[in-house]
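Each chain gets a letter, A, B and so on, in the order its sequence line appears, and its residues count up from 1. Computed from a predicted model, the values in this text were never measured in an experiment.
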Protein chains: 2
Amino acid sequence: MTPPRLQDVAARAGVSTATVSRALSGKGHVSSRAKLRVQQAAQELGFVVSYHASSLASGRSRNIGVVLPHIDRWYFSTVLEGVSRALLEAGYDLSLYNFDGDRYRETVLTDFLLRKRLDAAVAVALQLEPAETRQLFSAGIPFVGVGGPLVGAPTVSIDDLDVGHRATQHLIGLGHRRIGHLGGVDEQGRYFTMSSNRRAGYERAMTEAGLPIDPEWSIVSDYTLMDAYQRAKNLLADPDNRPTAIFSASDEMAAGAILAARDLGLSVPADLSVIGIDAHPIGEALGLTTIDQHAQQQGVRAVRRLLDHISGADNEPTDEILPAHFIARASTGPAAGSSGS
Amino acid sequence: MTPPRLQDVAARAGVSTATVSRALSGKGHVSSRAKLRVQQAAQELGFVVSYHASSLASGRSRNIGVVLPHIDRWYFSTVLEGVSRALLEAGYDLSLYNFDGDRYRETVLTDFLLRKRLDAAVAVALQLEPAETRQLFSAGIPFVGVGGPLVGAPTVSIDDLDVGHRATQHLIGLGHRRIGHLGGVDEQGRYFTMSSNRRAGYERAMTEAGLPIDPEWSIVSDYTLMDAYQRAKNLLADPDNRPTAIFSASDEMAAGAILAARDLGLSVPADLSVIGIDAHPIGEALGLTTIDQHAQQQGVRAVRRLLDHISGADNEPTDEILPAHFIARASTGPAAGSSGS
DNA sequence: GTGAAAGCGCTAACAC
DNA sequence: GTGTTAGCGCTTTCAC
């Protein structure tokens with residue numbers, strides 16, 4: 001037996017299909033008596049509107065896309081969790097498009113996003129070429145960026161430069177002068193503006209304090225714990241020339257640094273202070289001092305912005321900077337032989 | 001200007017809409033000459049078929065759903081990555097439905113899945129009540145389960161009991177006799193059959209070897225690193241009555257145990273051997289011995305099964321057990337005072 | 001191999 | 001407040 005259609009509900013309730021549509025969607029006026037009969041009939045028949053028919057007729061699909069370069073990395077899956085929650089709450093469907101690094105970059109941009117099935121989309125930390133940005137926008141729907149600038153669309157993020165600055169200042173305030181940095185690559189200008197902004201914040205804080213920035217202490221990693229572990233270990237192995245503190249652009253890399261230090265017999269924070277960014281759960285067990293960037297909340301805000309926009313709320317396309325908060329734990333402490341500052 | 005429709009392409013190519021549809025979808029026979037003209041016209045106009053119109057007319061949507069209880073946990077985001085990859089490869093869209101624990105359980109089951117917008121769906125480690133399973137299937141589409149039994153649908157997973165058994169045997173083979181277990185809750189029979197099967201494997205191996213199962217060494221954790229850290233620390237704090245080895249049902253919990261041991265001044269594996277399951281990246285830096293369950297591959301396989309089914313391939317709804325492989329690293333070693341076995 | 005035309009199931013004017 | 005009806009843009013018989 002074929003599923004009930006709106007027409008069947010109309011027949012059973014003794015009204016027209018238009019009335020059923022109105023009663024069920026809540027748009028337009030329907031007498032409460034008619035509404036009741038419709039709802040009952042729909043209930044009895046187990047009627048659910050056909051998504052495709054509804055979308056085709058109305059031109060809107062209650063479906064929002066999420067485009068991201070990775071899924072199984074903490075930042076992305078956490079933002080996604082926030083996006084998902086906000087969308088579920090609003091009754092919207094969520095379509096997921098994963099670049100998977102660069103693997104499906106083209107495909108997603110040229111095929112998937114153009115199918116006219118999305119009301120809007122959020123782009124998480126994508127760093128696109130100008131031509132790619134154009135492709136994106138050619139989908140003809142509102143976009144909002146998260147965690148990195150999406151040129152031409154409003155973006156929700158933290159102030160990465162400021163966060164890098166504050167993290168570094170924290171270490172400087174503890175009396176450290178030999179401070180290293182663990183950051184990400186800025187592959188040919190793609191990806192990780194986030195990362196380069198944090199590095200810029202570090203450099204600014206160092207410069208302001210009149211401290212030297214040793215290029216050897218400025219480590220470029222691929223943002224994974226293991227890679228950071230290995231590189232930090234190399235850096236810290238030299239007892240004559242190693243930093244007393246490290247500011248890491250992510251908690252996972254910070255964790256790698258802490259594990260490396262321990263494996264070298266260095267104690268944290270006595271021999272080495274480490275601060276990260278994220279509030280990644282792994283930081284708890286390591287006592288990692290960090291700055292919470294409220295990743296989930298970033299996803300939630302992005303969705304709110306989009307939904308407001310769709311519903312015609314008069315929001316100007318301004319960027320939104322979310323606050324980030326210190327979580328002081330045990331991985332940072334006074335520099336050896338320092339009285340603080 | 002409104003986007004081009006199929007009709008526009010037809011006009012430009014000088015053929016009927018039917019021919020355009022055939023030429024573009026590849027179904028039905030079209031002269032290569034006509035096909036060429038159609039493709040060119042489509043190209044010039046920048047035509048992309050309307051998803052909704054196509055779905056409404058054909059009854060199929062090239063859209064597959066993924067239902068999971070969490071997104072931001074390693075297992076789930078990794079499976080999701082695999083699912084996403086396989087779907088992108090096949091040109092299918094992916095709709096994401098997150099229970100978020102129990103928060104949207106009802107909503108997803110009763111509202112979202114019934115909108116007739118999915119061709120099929122994969123359910124990742126859902127542990128449903130019978131009534132909920134019925135709701136799920138009432139969507140009228142093929143399902144496949146991943147990483148946990150979905151009663152009434154084919155499931156892709158590893159053999160959790162066997163894996164628990166092998167992990168424990170590994171420790172026993174190293175001469176350990178006092179072996180603890182770190183597993184998850186079986187909340188009222190919901191969630192984590194996975195976890196209870198691994199525990200059962202542990203118990204069987206212990207029993208077979210004639211070793212005692214000390215209830216105090218069988219720790220129930222919430223599967224997070226931090227919780228496992230705390231509980232393991234409590235367990236290991238007592239020098240007179242602690243295990244010499246721990247089998248953890250996940251790598252994250254295993255990592256917690258290792259960190260706890262270190263913080264107590266115990267050395268791994270000299271004082272404590274630890275083995276996990278997952279091949280979680282964190283295990284690398286900790287030298288964690290583990291069993292790789294190929295989570296991403298589980299997602300890929302689930303999608304393949306679904307697509308085969310949709311395309312009418314004669315696949316019986318059998319469960320599929322994927323192999324799991326040892327990754328021997330440094331966290332497990334011979335028991336102190338043992339000659340091995 | 002190709003075209004005509006009848007839907008797919010719903011929404012949104014527009015009329016009453 | 002409610003019904004009539006013309007689409008939304010494509011797929012798919014059924015003829016030719």
- Residues in ring pair (Phe, Tyr, Trp, His ring centres under 6.0 Å) with B:F143, at least two apart? B:F137
- Item | Contacts of A:T318 that satisfy side chain to side chain contact (heavy atoms under 4.5 Å, CB included) - sequence neighbours left out | A:R305, A:E316
- Message: Quick check: on DNA chain C, is the nucleotide nearest B:V15 upstream (toward 5') of the one nearest A:Q7, or the reverse? Name the residue that is more 5'.
- Response: B:V15
- Answer yes or no: does a side-chain N or O of B:S50 lie under 4.0 Å from OP1 or OP2 of D:dG9? no
- Find the distance A:H52:NE2 to D:dC10:C1' and express it as a whole number of Å. 13 Å
- Among all residues two or more places apart in sequence or in another chain, which pass the ring pair (Phe, Tyr, Trp, His ring centres under 6.0 Å) test with B:H309? none
- Is there a side-chain polar atom (N or O) of A:T19 under 4.0 Å from OP1 or OP2 of D:dG3? yes
- Query: Mind checking what makes side chain to side chain contact (heavy atoms under 4.5 Å, CB included) contact with B:S77, not counting sequence neighbours?
  - Reply: A:I71, A:D72, A:S77
- Using whole Å, report how far CZ of B:R62 lies from P of D:dC10. 16 Å
- Item | B/S/- contact track for nucleotides 11-16 of chain C, protein heavy atom under 4.0 Å | SBBB--
- Item | Partner residues of B:F112 under the ring pair (Phe, Tyr, Trp, His ring centres under 6.0 Å) criterion, sequence neighbours left out | B:Y97
- Of the residues in residues 31-48 of chain A, which ones touch DNA chain D at a heavy-atom distance under 4.0 Å? A:S31, A:A34
- Message: Just to verify, what does B:A57 make a side chain to side chain contact (heavy atoms under 4.5 Å, CB included) with, not counting sequence neighbours?
- Response: none
- Message: If only side-chain N and O atoms count, and only distance matters, is there a donor-acceptor pair under 3.5 Å linking A:N63 with A:S95?
- Response: yes
- Query: Please, which pairs that meet side-chain hydrogen bond (donor to acceptor under 3.5 Å, both in side chains) have at least one residue in residues 45-55 of chain B, sequence neighbours excluded?
  - Reply: A:R117-B:Y51
- Note on the structure: Looking only at C:dG9, C:dG1, C:dG3, the nucleotide nearest the B:H29 side chain is C:dG1
- Query: Pairs in or reaching into residues 24-36 of chain B: which pass side-chain hydrogen bond (donor to acceptor under 3.5 Å, both in side chains), with residues at least two apart or in two chains?
  - Reply: none
- Mind checking side chain to side chain contact (heavy atoms under 4.5 Å, CB included) for A:V49 and listing every partner two or more places apart, or none if nothing turns up? A:F47
- Using the C1' atoms of the five pairs at each end, what is the angle between the end axes of the helix from C:dG1-D:dC16 to C:dC16-D:dG1, to 10°? 30°
- Query: In whole Å, what is the span from the CG atom of A:L56 to the C1' atom of C:dG9?
  - Reply: 9 Å
- Taking every heavy atom of A:T155 against every heavy atom of A:D319, the minimum-distance pair comes out as N-OD1, 3.0 Å
- Between A:R60 (CZ) and D:dC8 (P), how many Å, whole number? 18 Å
